[in-house]
Novice: 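There's a structure below that I have some questions on.
All of these numbers come straight from a predicted model, not from anything done at the bench. Just so we're on the same page: letters track the sequence lines, and every chain starts at 1.
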Number of protein chains: 2
Amino acid sequence: MKRLIGYLFVAVLLLNPTILFAQKSAGTEVKQLQGPQNPRLGFVIHGGAGVISRGSLSPEREKEYRAKLEEAVLAGYKALQAGKSSLDAVEIAIRILEDSPLFNAGKGAVFTNEGKNELDASIMDGKTLGAGAVAGLTRVRNPITLARAVMEKSEHVMMVGAGAEKFAEQQKMELVDPKYFWTESRWNALQRILKEEKEKEEKSKDHGKLTEAEKPANKFGTVGAVALDKDGNLAAGTSTGGMTNKRFGRVGDAPIIGAGTYANNATCAVSATGWGEFFIRLSVARDISSLMEYRAMTVQQAADLVIKTKLQKLGGDGGVVAIDKFGNIGVSFNSEGMYRAYINAEGKPVVEIYKD
Amino acid sequence: MKRLIGYLFVAVLLLNPTILFAQKSAGTEVKQLQGPQNPRLGFVIHGGAGVISRGSLSPEREKEYRAKLEEAVLAGYKALQAGKSSLDAVEIAIRILEDSPLFNAGKGAVFTNEGKNELDASIMDGKTLGAGAVAGLTRVRNPITLARAVMEKSEHVMMVGAGAEKFAEQQKMELVDPKYFWTESRWNALQRILKEEKEKEEKSKDHGKLTEAEKPANKFGTVGAVALDKDGNLAAGTSTGGMTNKRFGRVGDAPIIGAGTYANNATCAVSATGWGEFFIRLSVARDISSLMEYRAMTVQQAADLVIKTKLQKLGGDGGVVAIDKFGNIGVSFNSEGMYRAYINAEGKPVVEIYKD
């Protein structure tokens, strides 16, 4: 019998090699693996992924990004320490990022082809699997707060366009003049792309290589947060201003539950950023949860498999932040950089931008 | 060594009990389990799930439904027999259902609270994981065809509202006057609900039980199709007119890749119908694919687990049709009925409406 059990044990390990190497690729962020005996409050945010190579940001600009990311991650974490829910922490941090012109969400949203700002967001509660999502907003100052209202105060999950803003009015959300979202740098970015498009059109009618400004890495951006609170509840949220020069009412992954956002207390909470079309096709956030649930992967392994193998293979780029039910953090991206911040095992904020 | 292999085999079976009972719950639809040695062309469609109990349809009405379902399933299957792709078959069958006033999609779309028809659809190619989705259309005669154009002729996956219709114009899609979608029975359904809402409001200000007309089973409806073609490629598509009396630009699961529609040649193609909010929160279509990929379930087992256990537990209702890469069919629903049709192992169409 003992022998049989031994063989079975070996067989289990052979069938689940991941168990042997659970922390192999977990990186250096979290020094201690959290488990049922030592869960902890957990909070991670991101401010978008893309071509952010060392030296491409001026020292002053980098300082601004780092300061805002630290402010947001600390605000969310302090809320958790004060006993607030993971949903509260996610909303608080994302509102700070939405209100900053630095990130492509809320105030800093990029412009569509028509020179408008259209905002999308979603939020999910890992305890109830409740979810809320909004897309195509033009007047709602904080889309993440409207997404939460859709989840908590309507029988729906997703609302889009003018209808969603009608709900926002009914819920007494803070509405702003669409001009509020105008920022010089985003406006100039649109003008650069439009100019390049025109030049390209004049130069040749056949489709050449994408110009620098057209490359998705320079066109996308998102903010997001994932949290674990004192009651063991997970939550995730994502907010975006979409894609510079977008046309045709394009919607990316940020407001798609399962693509840009997912949370389930049984597994993890995930918020994604990157080339949204690929994140939708792979159901990125949902797949990370499934790999943990059905394949017993750690949150870092699951995130790496989806981002560094599946997304990479399909030709997409971007990244995710994730957290599991014990507070273990998963961060993965295949782009040059990703604005991100988390609270480490010592309770201190860590802000990172580049690959290493 | 032999003994070790024996133990390992036992261990594998113990760890994957599903292998032992692969066809246990597969129902009676498909008499022979298809495998790599005997794959077949496969085609399944649905026309919505809900409260369709025996006797609730008049014999004439039932005949109409059966005839249209048979027409659509045969049209798709014949396309497959003629060597067309699974995407073609899905589009052909869904267009037939969209053009019929019987189903809540295209011509037969239900009315929003404001008395409009807003249409959503999505399609996915299991070979490339390419996907297209559209929502909030008011003038596109066949939303499934626009979803396919988004997939094949744009760099995007999802387009909504007026922007999506601008793309439809550019693609020379057939546009119709919004009046095209007016049908008496759908209009009367909206008026019934509005009247009940008003009476309820006058009777009492507190929220009582949902009236019959408000019950989701009577408010939702969708059409969809899944196909396996001669090249082994899977495809899935879904189209809907949304929810009677919907407000606030609500979007359900039909245009959400991973919720209402998913296809992956490695696993299966799925199209869902039902109370969309629950299907989004569970990523129903994507989860069925994941259970096959990560847990080695059959398509029927995966569909049953998601619909009869997970969806049921969360309080949602509806169903799915699915097909795997060998042509095995999965059909599961927890509502009283689901309009559905498939091609059986003898190549004959089978149309079903009720539970048994």
Novice: So for B:Ile256, is it side chain, backbone, both, or neither that comes closer than 4.5 Å to the heavy atoms of chain A?
Specialist: side chain
Novice: Looking at B:Met159, B:Lys246, B:Arg247, which has the largest count of heavy-atom pairs under 4.5 Å with chain A?
Specialist: B:Met159
Novice: Give the minimum heavy-atom separation between A:Ala131 and B:Arg281, together with the two atoms involved.
Specialist: CB-CG, 4.2 Å
Novice: Which heavy atom of A:Gly221 sits nearest a heavy atom of A:Thr273, and at what distance?
Specialist: C-OG1, 4.4 Å
Novice: Given a strict heavy-atom distance threshold of 4.5 Å, which part of A:Phe278 is in contact with chain B: side chain, backbone, both, or neither?
Specialist: neither
Novice: Under 4.5 Å, counting heavy-atom pairs only, tell me which of A:Lys310, A:Glu165, A:Met124 racks up the most with chain B.
Specialist: A:Lys310
Novice: Tell me, for B:Leu282 versus chain A, whether the close heavy atoms (under 4.5 Å) come from the side chain, the backbone, both or neither.
Specialist: both
Novice: Without hydrogens or angle criteria, can the side chains of A:Thr238 and A:Thr222 be said to hold a donor-acceptor pair below 3.5 Å?
Specialist: no
Novice: Taking the basic N atoms (NZ, or NE/NH1/NH2) and the acidic carboxylate oxygens, is any pair closer than 4.0 Å for A:Glu293 and B:Arg295?
Specialist: no
Novice: What residue in A:Val157, A:Ile257, A:Val134, A:Asp253 has the most heavy-atom pairs under 4.5 Å with chain B?
Specialist: A:Val157
Novice: Which atom pair, heavy atoms only, marks the closest approach of B:Thr240 to B:Ala254?
Specialist: CG2-CB, 3.4 Å
Novice: Charged N to carboxylate O under 4.0 angstrom, B:Glu155 versus A:Arg250?
Specialist: no
Novice: Among A:Thr298, A:Asp287, A:Thr267, which residue satisfies the side chain to side chain contact (heavy atoms under 4.5 Å, CB included) criterion with A:Met292?
Specialist: A:Thr267
Novice: Could you tell me which of A:Gly136, A:Gly276, A:Gly249 has the largest number of non-hydrogen atom pairs under 4.5 Å with chain B?
Specialist: A:Gly249
Novice: Quick one: of A:Ile280, A:Asn264, A:Leu314, who has the most non-hydrogen atom pairs under 4.5 Å with chain B?
Specialist: A:Ile280
Novice: Non-hydrogen atoms of chain B under 4.5 Å away: do they reach the side chain of A:Arg286, the backbone, both or neither?
Specialist: side chain
